[in-house]
Amino acid sequence: MKLFPTLPLFAALAAASVTQLCAGEPVKGIAAAATEPAVSGLNGKLDANYGAINRSSTRGVAGTLSVPLGQRFGAQFDGLYQHGFATNIFGVGTHFFARDPGKGLIGLVSSWTTSQKFTDVIVGAEGEYYFKRVTLGAVAGYDNYDSHVPTTFPGLATHQSFVAARLYAAVYPVEDLMVRLEYQSRFNHNFYMAHVEWQTPMKGVAIYADGGVGENGYAHLLGGLRIYFGGDKSLKDRHRQDDPDNVNSTFIGTNSAGSTNTAPAQEAPPPQDCQSGCSCECC
């Protein structure tokens with residue numbers, strides 16, 4: 001897989017972002033004047049899911065570990081295992097960010113997901129801005145996608161480069177319920193998603209459902225159980241004081257779709273009628 005183009009890009013992103021973060025310019029009013037730590041303390045989450053992507057059943061587990069790096073900064077490490085499309089999918093991700101839990105987040109993010117059918121590498125930037133009951137967020141970066149099997153997405157060949165992007169708005173009608181609407185751009189195609197998560201009265205236990213549709217017949221529906229570690233707090237506070245989204249989980253549907261056939265199966269043509277004196281095999 002051609003990873004070389006990602007290295008100078010990641011270096012440039014890292015150098016520019018770290019320089020600006022240290023100077024306080026892009027986070028003035030966010031991390032520079034934060035009264036709360038970027039990460040409340042060592043925390044994490046584990047989740048399990050089951051569902052279907054492009055009419056193929058899938059199941060998996062994922063987890064994150066978030067650590068504070070002083071008052072202004074934090075880091076997170078993601079992991080994922082998913083089984084579907086007759087293959088095993090493994091993923092790891094990293095986040096380095098500055099955050100004021102009362103205002104927003106800005107940082108760098110990377111993801112590496114691989115299976116026998118595809119390898120997907122994303123490096124880029126992420127950001128969130130917090131209102132009282134609404135979070136607006138975006139992720140955008142360079143995507144090196146290598147599909148090892150035929151796919152119905154036009155122009156998607158091995159070792160192609162794209163922009164991967166997420167734009168989303170999450171609403172908290174109550175402190176322990178989140179409804180998120182999301183747009184993704186992958187492989188120069190459009191995808192639309194909805195996610196609902198509810199933290200139950202059981203400490204740190206949440207259930208969620210995630211669905212989406214997109215171009216070329218793409219569709220997915222997943223549901224699961226999520227367990228949070230790191231104190232007793234509302235779902236909204238967990239999202240703003242602890243761990244960002246698992247980058248592998250948020251892209252698992254579309255990166256799997258990149259190496260699957262989303263078109264309906266074609267019916268075989270009817271057999272030809274045998275005629276006297278014809279040369280077909282049935283005669």
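- At distances below 3.5 Å, not a single donor-acceptor pair connects side-chain atoms of Asp242 with backbone N or O atoms of Val39.
- For Arg240, there are no salt bridge (Lys or Arg N to Asp or Glu O under 4.0 Å) partners two or more places apart in sequence or in a different chain.
- For Thr87 against Ser115, the heavy-atom pair with the smallest separation is OG1-CB, 3.8 Å.
- At least one side-chain heavy atom of Val109 sits under 4.5 Å from a side-chain heavy atom of Val139.
- A single hydrophobic cluster is not seen to contain both Met202 and Met178; linkage of ILVMFWY side chains at heavy-atom distances under 4.5 Å, directly or through other members, places them apart.
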Note to self: Evaluate Gln82 against Asn248 for side-chain hydrogen bond (donor to acceptor under 3.5 Å, both in side chains), listing each step before the verdict.
What the structure shows: CA-CA 10 Å; Gln82 195 81 15; Asn248 304 126; over 6 Å; no

Next item on the list: Start with the C-alpha gap between Ile89 and Lys117, add the side-chain angles, then the distance that decides, and say whether side-chain contact (heavy atoms from CB on, under 4.5 Å) holds.
Entry: CA-CA 9 Å; Ile89 303 168; Lys117 295 187 175 182; over 6 Å; no

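- The CZ atom of Arg99 sits 14.5 Å away from the CZ atom of Arg72 when rounded to the nearest 0.5 Å.
- Atom NZ of residue Lys233 and atom CD of residue Gln241 lie 4.5 Å apart, to the nearest 0.5 angstrom.
- Residues satisfying the side chain to side chain donor-acceptor pair (under 3.5 Å) test with Tyr192, not counting sequence neighbours, are none.
- At a cut-off of 3.5 Å, with distance as the only test, a side-chain donor of His95 or Asp78 sits close to an acceptor on the other residue.
- For Tyr130, there are no ring pair (Phe, Tyr, Trp, His ring centres under 6.0 Å) partners at least two apart in sequence or on another chain.
- Residues passing the ring pair (Phe, Tyr, Trp, His ring centres under 6.0 Å) test with Phe131 are Tyr129, sequence neighbours excluded.
- Going from atom OG1 of Thr58 over to atom CG of Asn49 covers 6.5 Å, rounded to the nearest 0.5 Å.
- The side-chain heavy atoms of Leu42 and Leu65, taken from C-beta on, include a pair separated by under 4.5 Å.
- Taking OG from Ser161 and CZ from Phe187, the interatomic distance works out to 12.0 Å, rounded to the nearest 0.5 Å.
- Contact check for Glu175 versus Arg133: side-chain heavy atoms found under the 4.5 Å cut-off.
- Under the 4.5 Å side-chain heavy-atom criterion for grouping Ile, Leu, Val, Met, Phe, Trp and Tyr, Ile227 is not connected to Leu235 through any hydrophobic cluster.
- Side chains of Asn190 and Tyr183: a donor-acceptor N/O pair is present below 3.5 angstrom, by distance only.
- The structure places CG of Asp176 at 10.5 Å from NZ of Lys236, a figure rounded to the nearest 0.5 Å.
- In this structure, Val134 is not a member of the same hydrophobic cluster as Tyr168, with clusters built from ILVMFWY side-chain heavy atoms closer than 4.5 Å.
- Taking all atoms of both residues into account, the shortest heavy-atom contact from Asn246 to Gly63 is ND2-O, 3.2 Å.
- For Ser185, there are no side chain to side chain donor-acceptor pair (under 3.5 Å) partners at least two apart in sequence or on another chain.
- For the side chain to side chain contact (heavy atoms under 4.5 Å, CB included) test, residues two or more places apart in sequence or in another chain that qualify with Val92 are Trp112.
- Side-chain contact between Ile252 and Leu80: present, with at least one pair of heavy atoms (C-beta onward) separated by less than 4.5 Å.
- Note that CZ of Arg226 is 4.5 Å distant from CG of Asp47, once rounded to the nearest 0.5 Å.
- Every residue two or more places apart in sequence or in another chain was checked for a salt bridge (Lys or Arg N to Asp or Glu O under 4.0 Å) with Arg238, and none qualifies.
- Here the side chains of Thr119 and His148 are in contact, with some heavy-atom distance below 4.5 Å.
- A donor atom on one side chain and an acceptor atom on the other are found under 3.5 Å apart for Thr64 and Asp243.
- Between Ala169 and Leu136 the shortest heavy-atom distance is CB-CD2, 3.7 Å.
- At a threshold of 4.5 Å between non-hydrogen side-chain atoms, the residues Asp143 and Asn255 do not count as touching.
- With sequence neighbours left out, Asn188 forms a side chain to side chain donor-acceptor pair (under 3.5 Å) with no residue at all.
- Put simply, Trp198 and Val196 are part of the same group of oily side chains (I, L, V, M, F, W, Y) that touch within less than 4.5 Å, one to the next.
- Remark: Glu182 engages Arg166, Arg180 in a salt bridge (Lys or Arg N to Asp or Glu O under 4.0 Å) (not counting sequence neighbours).
- A pairwise comparison of heavy atoms in Leu167 and Ala138 identifies CD2-CB, 3.6 Å as the closest pair.
- Ring-plane geometry between Phe191 and Tyr218 is classed as perpendicular, the angle between the planes exceeding 60 degrees on a 0 to 90 degree scale with a lower cut at 30.
- Sorted by first and then second residue, the ring-ring contact (aromatic ring centres under 6.0 Å, His included) pairs involving residues 222-256 (not counting sequence neighbours) are Tyr172-His239.
- Looking at every heavy atom in both residues, Thr250 comes nearest to Gln184 through O-NE2, 2.8 Å.
- In this structure, Arg59 has no salt bridge (Lys or Arg N to Asp or Glu O under 4.0 Å) partners at least two apart in sequence or on a different chain.
- Side-chain atoms of Thr135 never come within 3.5 Å of backbone atoms of Ala170 as a donor-acceptor pair (strictly under, hydrogens ignored).
- With sequence neighbours excluded, no residue satisfies side chain to side chain donor-acceptor pair (under 3.5 Å) with Tyr50.
- Side-chain contact between Ser111 and Asp120 is absent, with no heavy atoms from C-beta onward closer than 4.5 Å.
- Looking only at side-chain heavy atoms (C-beta outward), His195 and Tyr208 come within less than 4.5 Å of each other.
- Scanning both residues, Pro244 and Leu105, for their nearest heavy atoms gives CG-CD1, 4.1 Å.
- In this structure, Phe118 is not a member of the same hydrophobic cluster as Phe90, with clusters built from ILVMFWY side-chain heavy atoms closer than 4.5 Å.
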